[in-house]
Amino acid sequence: MGDYRELYQASIKDPAGFWAQAADAVTWTRRPERVLDDTNPPFYRWFPDGELNTCVNALDRHVADGRAEQPALIYDSPVSGSARTFSYRELLDEVARFAGVLSGLGVSKGDRVVVYMPMIPEAVIAMLACARIGAVHSVVFGGFAAHELAARIDDARPVVIVSASCGIEPSRTVAYKPMLDAALAASVHPPAHCVIVQREQSPCELVAGRDVDWHEAMFTATPHDAVPVAATDPLYVLYTSGTTGKPKGVVRDNGGHAVALMWSMRHIYDMAPGEVFWAASDVGWVVGHSYIVYAPLLLGATTVLYEGKPVGTPDPGAFWRVIDEHRVKVLFTAPTAIRAIRKEDPDGAHLTRYDLSSLKHLFLAGERLDPDTYHWAVRKLGIPVVDHWWQTETGWAIAANPVGVETLAFKAGSPTVPMPGYDVHILTADGVPCGPGEEGAVCIRTPLPPGTLPTLWGDDARYEASYLCEHPGYYLTGDGGYLDEDGYLFVMGRIDDVINVAGHRFSTGAIEAVLAAHPSVAECAVIGVADEIKGQVPRGLVVLKANAAAGVSTGDLVAELIASVRNEIGAVASFKLVDIVPALPKTRSGKILRKAMRGIAHGKDEPLPSTIEDPSVLHALRPILAP
Ligand code: COA
Ligand code: AMP
């Protein structure tokens, strides 16, 4: 056990010294001499002269170090009724062969590969195979529909797409291939080849000359060696929702990422090689990238890949069964999952059916952890429940209780304290530091620590404009919150137009763009409103064109709008609430007052903005919006 404050102060006073030491945990093909390149602010590069291969760090070195027969990946799939364990040797063999498949299809260092997959081992294998040959993967969450997939294809311009015939949701089989085909038809830069995993639950037709069957290709593939890359070379691009409809391609480098994730496994999650870690998320989200795939394997631990839900597959004891069966030491999930379990099993009856003695910590992130859910989990599990706060952009926790160093006192509603390298400040809109307890914009003084985004894919200008211009010298997280008198951080929610639905991040602007495209819609606004299980869900407020509903009932129109968001963005946006309203509140210059509407929907006594054009419009919406 160590001393958090000492460690934290060291990381802020001497970042280069701190991260140089952490870099010892990584196997480099060329050890970095320099730790931080700060010659071109606000762009920073960690370990600029280092060279490594992330896949070697995740697999080869553990096979060489005596972990060949240790489980690397446990695939547990209640929705398909299957399970399989891959040892480090087996996983390396699959990855090296799939790297050979990709190489045979023309993928080489620096090329992009889009991965659009359900939660099956092939998704992990494809990601690691990209890392092995220095290709850049871009995983698109399987719940996104064709339009969102096409936008990502066009930005990433992949050489190959890896996908599967279907995903399996508890209530239905989701055919992926029609969505992939539609996305390819809609995209300006479709790749020449797709590799498709045929699943027995719903195989698909392959397009001759374009599509390659995963299993056939693997049968004849030659294993590919690892290609060393610069620490600053991109490992992946992960698109996330910004405040506009256009997703942001968050870039992750190889070196800083490996160093930071390994540091986090020991110091934040208190994990050691050989132990079992389970992030119950999806490989399509950042939690899946960092803590299903990379971090556990970099450490030499065992990771669980779970294709199922917290409830309904088959019951609210599903998580407890997985923990018992695989002797999970740390579970990481979203508060939504705990709320869903609690709703179906408030007394925790299902907990008593299993042996949970292996479980030492429950980590939660992805959305605000409400104190009620926190207390329930602590009571029922009897172990420390650690709220931690981070974002796709950072790739690992900005704030947490570093239980691998020292377990600090917990405060319900707070993700505890900033992690090393994150110099967190709360600023007013004018950039003035807030005092203890005073709410403002949560900002981080640059440079951000290793593992965080160096830029946005192909768009340095957007990176600067989105995160660095508002308060020069600081990274703008987009979250509001405060630090209390003990230095504990409280994150209260987004202060921009991003919403969190069941721990998934969506741009209200992207949903608005779909609604606005409907021929009957004159204008619209989408805001996040509170939901008992999902934390937030989107709610659309729509003004119709004068002659819009002629011959169509309002009910039909609302159904059409809901269907169009489901078809274009995906069911996972959970867009089910639409109100047809006479007008939207605006400023005198014509800007829609989303913040004021958000405030009313969250029960806040929002003062009327001085710039409002017609206060009666906002007043008329109060009864509709009020919680
Ligand atoms: N592919 C296709 N469709 C998907 C999908 C995927 N990968 N993931 C979700 N969907 C669909 C669901 O089938 C559902 O469709 P429906 O409207 O026809 O029912 C819709 O998207 C919403 O899905 P989901 O958010 O999973 O909600 P749900 O109501 O089915 O389940 C919970 C509720 C709480 C069980 C679920 O939200 C959950 O497991 N949350 C945990 C969140 C989590 O782990 N987040 C990770 C961030 S760390
Ligand atoms: P994502 O990029 O999808 O991981 O979403 C990041 C956003 O989720 C953050 O900016 C926060 O708004 C929210 N978030 C994640 N973890 C937490 C947490 N522990 N507490 C409060 N909000 C969180």
Side-chain angles (χ1 to χ4, degrees), residues 79 116-119 140-145 164 166-176 179 238-242 248 250 279-292 306-313 316 318-319 332-344 363-370 374 386-400 413-416 442 453 476-481 489-496 498-506 528 531-537 562 566 569-576:
V79 290
Y116 180 59
M117 301 277 261
M119 285 283 285
V140 179
F141 174 61
F144 278 127
C166 68
I168 308 168
E169 286 294 291
S171 57
R172 67 206 147 98
T173 299
V174 182
Y176 274 36
M179 281 190 278
L238 178 58
Y239 288 88
T240 189
S241 302
K248 291 170 169 170
V250 169
S281 176
D282 189 289
V283 289
W285 306 112
V286 70
V287 175
H289 280 62
S290 293
Y291 292 106
I292 295 175
Y306 174 72
E307 191 184 22
K309 302 265 175 178
V311 294
T313 58
F319 275 19
F332 176 170
T333 189
T336 293
I338 303 299
R339 285 196 294 267
I341 293 169
R342 178 189 179 185
K343 186 165 187 215
E344 291 201 8
F363 279 80
L364 297 171
E367 58 187 311
R368 183 161 186 271
L369 173 58
D370 53 286
Y374 168 77
V386 186
D387 179 14
H388 60 327
W389 168 62
W390 51 299
Q391 334 181 285
T392 305
E393 287 85 344
T394 65
W396 64 286
I398 307 166
S414 166
T416 319
V442 188
L453 81 172
L476 185 73
T477 65
D479 280 298
L489 182 67
F490 288 75
V491 180
M492 306 310 289
R494 299 287 304 197
I495 47 177
D496 55 13
V498 166
I499 56 171
N500 254 283
V501 180
H504 309 321
R505 176 164 158 184
F506 294 94
D531 180 83
E532 188 198 352
I533 298 294
K534 298 191 179 188
Q536 275 189 312
V537 288
I562 290 172
R566 191 179 170 91
I569 292 181
V572 70
S574 300
F575 182 72
K576 293 182 177 157

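Counting convention: from 1, in listed order, for ligands and their atoms alike.
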Visitor: Under 4.5 Å between any side-chain heavy atoms of Val491 and Pro415, yes or no?
Guide: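 A side-chain contact under 4.5 Å exists here.
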Visitor: What protein heavy atom is closest to atom 7 (C) of ligand 2, reported as residue, atom name and distance in Å?
Guide: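 Here the nearest protein heavy atom works out to Asn500 ND2, 3.7 Å.
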Visitor: So if I count the atoms of ligand 2 from 1 in the order they appear, which ones are less than 4.0 Å from some heavy atom of Asp387?
Guide: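 Matching atoms, with element in brackets: 18 (C), 19 (N).
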Visitor: Check the angle between the aromatic planes of His504 and Trp285 and answer parallel, tilted or perpendicular using the 30° and 60° thresholds.
Guide: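 Correct class here is parallel.
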Visitor: Is any side-chain heavy atom of Phe575 less than 4.5 Å from a side-chain heavy atom of Val501?
Guide: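 Contact flag for Phe575/Val501 side chains = no.
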Visitor: Determine whether Glu169 and Val79 make a side-chain contact, defined as any pair of heavy atoms from C-beta on separated by less than 4.5 Å.
Guide: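 No; the side chains remain at least 4.5 Å from each other.
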Visitor: Please round to the nearest 0.5 Å and tell me the distance separating atom CG of Asp479 and atom CD1 of Ile495.
Guide: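 Answer for the CG-CD1 pair, Asp479 versus Ile495, is 7.5 Å.
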Visitor: Identify all pairs of nitrogen or oxygen atoms, one from ligand 1 and one from the protein, separated by less than 3.5 Å, and list them with distances.
Guide:
unit_1: ligand 1; atom_1: 10 (N); unit_2: Glu169; atom_2: OE1; d: 3.4
unit_1: ligand 1; atom_1: 13 (O); unit_2: Glu169; atom_2: OE1; d: 2.6
unit_1: ligand 1; atom_1: 13 (O); unit_2: Arg172; atom_2: NH2; d: 2.6
unit_1: ligand 1; atom_1: 15 (O); unit_2: Arg172; atom_2: NH2; d: 2.9
unit_1: ligand 1; atom_1: 17 (O); unit_2: Arg566; atom_2: NH1; d: 3.0
unit_1: ligand 1; atom_1: 18 (O); unit_2: Arg172; atom_2: NH2; d: 3.1
unit_1: ligand 1; atom_1: 18 (O); unit_2: Arg566; atom_2: NH1; d: 3.4
unit_1: ligand 1; atom_1: 18 (O); unit_2: Arg566; atom_2: NH2; d: 2.7
unit_1: ligand 1; atom_1: 21 (O); unit_2: Val572; atom_2: N; d: 3.2
unit_1: ligand 1; atom_1: 26 (O); unit_2: Lys309; atom_2: NZ; d: 2.6
unit_1: ligand 1; atom_1: 27 (O); unit_2: Lys534; atom_2: NZ; d: 3.0
unit_1: ligand 1; atom_1: 29 (O); unit_2: Lys534; atom_2: NZ; d: 3.3
unit_1: ligand 1; atom_1: 44 (O); unit_2: Ala280; atom_2: O; d: 3.3
unit_1: ligand 1; atom_1: 45 (N); unit_2: Ala502; atom_2: O; d: 3.4

Visitor: Considering non-hydrogen atoms of the protein only, which is the closest contact for atom 6 (C) of ligand 2, and what is the distance?
Guide: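 Result for atom 6 (C) of ligand 2: Trp390 O, 3.5 Å.
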Visitor: Nearest protein heavy-atom contact for atom 9 (C) of ligand 2: which residue, which atom, what distance?
Guide: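 For this ligand atom, the closest protein heavy atom is Asp479 OD2, 3.2 Å.
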Visitor: Could you measure the distance from the CD1 atom of Ile338 to the NZ atom of Lys343? Nearest 0.5 Å is fine.
Guide: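 Rounded to the nearest 0.5 Å, the CD1-NZ separation comes out at 15.5 Å.
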Visitor: Quick one, Tyr291 and Ser281 - any side-chain contact, counting heavy atoms below 4.5 Å?
Guide: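 SC-SC contact between Tyr291 and Ser281 ruled out.
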Visitor: Does any non-hydrogen side-chain atom of Asp531 lie less than 4.5 Å from one of Gln536?
Guide: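 No. Closest side-chain heavy atoms not under 4.5 Å.
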Visitor: Quick one: which ligand 2 atoms are inside 4.0 Å of a heavy atom on Thr392?
Guide: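 Every atom of ligand 2 under 4.0 Å from some heavy atom of Thr392: 1 (P), 2 (O), 3 (O), 4 (O).
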Visitor: Under the criterion side chain to side chain contact (heavy atoms under 4.5 Å, CB included), I'd like the reasoning laid out for Tyr306 against Thr333: C-alpha separation, chi angles, the key distance, then a yes or no.
Guide: CA-CA 12 Å; Tyr306 174 72; Thr333 189; over 6 Å; no
Visitor: In terms of residue, atom name and distance, what is the protein heavy atom nearest to atom 20 (N) of ligand 2?
Guide: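 So the nearest neighbour among protein heavy atoms is Glu367 O, 3.4 Å.
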Visitor: Of all the atoms in ligand 2, which lie at a distance below 4.0 Å from a heavy atom belonging to His388?
Guide: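 Once the distances to His388 are compared, the set is 16 (N), 18 (C), 19 (N).
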Visitor: What is the closest protein heavy atom to atom 3 (O) of ligand 2, and at what distance does it sit?
Guide: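 Heavy-atom neighbour on the protein nearest atom 3 (O) of ligand 2: Arg505 CB, 3.3 Å.
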Visitor: For Gly366 and ligand 2, answer yes if some heavy atom of the residue is under 4.0 Å from a ligand atom, otherwise no.
Guide: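 Distance cut 4.0 Å: Gly366 passes for ligand 2.
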Visitor: Among Phe332, Phe363, Tyr374, find the one that has a side-chain contact (heavy atoms from CB on, under 4.5 Å) with Val386.
Guide: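 Option passing the side-chain contact (heavy atoms from CB on, under 4.5 Å) with Val386: Phe363.
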